[in-house]
Amino acid sequence: MMKSFLFLSLFTLILYSQAQDPIVEHMYTADPSARVFNDTLYVYPSHDPDTATWFNMADWHVFSTTDMENWTDHGVAFSLEDLSWANRYAWAPDCIGRNGKYYFYYPVEKSMIGVAVSDKPTGYFKDPLDSALIHINSKGVVCDRDFIDPAVFIDDDDQAYLYMGQHTVNAIKLNEDMISYDGEVHHLESTLGFFEAIWMHKYDGKYYLSYVSTSRELKYCIGDSPLGPFEYQGVLLPPMNSGTSHHSIVEYKGEWYLFYHNANLYYQNNPEVTPGTGLKPGRGPHRFRRSMTFQKLVYNEDGTIQKVNPYE
Ligand code: FUB
């Protein structure tokens, strides 16, 4: 018994002494959506409050880097205070550039997705609709839990797609104006063990749909079209010590990166607290005071992606 306890303690120590560091330390950040605009990498995360004991987020900051080492916080780019139609849960956002404008998609109230627009990737963004772009009661939406986690993707033919949902993946085709859609809601397969945090990217002509699964592992599948069907490929990242690990995948300066979050900044700031493990993250503030990080992603020759080891 004592032997296995010693082994476990040592294992935990090794796990956490090697875990990935937060890329910003002055605030808690989660759900990082990384994008490249004009040779600069921008990250659009959620902002977990310093004293959070639940997902009570209220605004969004934008961060940028040109060397993957030094990060600039551009400050608040959009806030719940800017909305007349929602006042809770400023969760995982995403952003994309098109025709000289930047479109910031964000979930609120666990039931609505909004869009805000700016001339700059750092904002300030403005709500052009004064209402949600799509919400849980919109015609065609199927979502058996929260309606969250928008992720935007523009294909090579210029068609833009917005994915969102929890447990069920809803996808819409955005119109050219990026602030409306064609009225139809598509539903992607429910057989992939999808939980939340969908991300779409294209590599070598194939569509990669990655997501946090019901086992809290980050998984991915590949298809020949942005709306599927998709074939399951495997796990990209094991469960994190924060319970959630919402990610994004981006190519920058010839390298591919996986951005995600863990609870390492919380444990760094609270050394008296014993960390949970990825599989058993436990209950506590670490689940709501998260920190974004990233690692390189490596493709195999056949287009599959090597599993990331977050402890190396
Ligand atoms: O940050 C709030 C929620 O936690 C996100 O919407 C999920 O993806 C999870 O990371």
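All values reported here derive from a predicted model rather than from experimental measurement. Both counts, for ligands and for their atoms, begin at 1 and track the order of listing.
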When you measure from the centre of the six-membered ring of Phe195, is the NZ or CZ of Arg216 closer than 6.0 Å and no more than 45° off the axis? yes
Working note: Tyr103 + Ile179, criterion side chain to side chain contact (heavy atoms under 4.5 Å, CB included); need CA distance, chi angles, decisive distance, verdict. CA-CA 8 Å; Tyr103 297 88; Ile179 60 169; 4.0 Å; yes
Between Ser245 and ligand 1, is there a nitrogen or oxygen pair with a distance under 3.5 Å? no
Of the side chain and backbone of Arg290, name the one, both, or neither that has a heavy atom under 4.0 Å from an atom of ligand 1. side chain
Within the structure, is a non-hydrogen atom of His261 found at a distance of less than 4.0 Å from ligand 1? yes
Can you report which non-hydrogen protein atom sits closest to atom 3 (C) of ligand 1, along with the distance? Trp91 CE3, 3.9 Å
Salt-bridged, Lys253 to Asp39, with N to O below 4.0 Å? no
Atoms in ligand 1 with a heavy atom of Ile148 nearer than 4.0 Å: 6 (O)
Answer yes if Met178 and Val115 sit in the same cluster of Ile, Leu, Val, Met, Phe, Trp and Tyr residues linked by side chain heavy atoms under 4.5 Å apart, and no otherwise. yes
For atom CG of Asn175, is the number of surrounding heavy atoms from other residues, nucleotides or ligands below 6.0 Å larger than 12? yes
Any idea which protein heavy atom is nearest atom 1 (O) of ligand 1, and the distance to it? Asp31 OD2, 2.5 Å
Considering residues, nucleotides and ligands other than Asp67, do more than 12 of their heavy atoms fall under 6.0 Å from its CG? yes
For ligand 1, which atoms sit closer than 4.0 Å to a heavy atom of His246? 7 (C), 8 (O), 10 (O)
Atom 9 (C) of ligand 1: closest protein heavy atom, distance to 0.1 Å, is Glu196 OE2, 3.3 Å
Contact atoms of ligand 1, heavy-atom distance to Met57 under 4.0 Å: 1 (O), 2 (C)
With distance as the sole criterion, is a donor-acceptor pair present between the side chains of Trp85 and Asp127 under 3.5 Å? yes
Which residue holds the protein heavy atom closest to atom 6 (O) of ligand 1, what is that atom called, and what is the gap in Å? Asp149 OD1, 2.5 Å
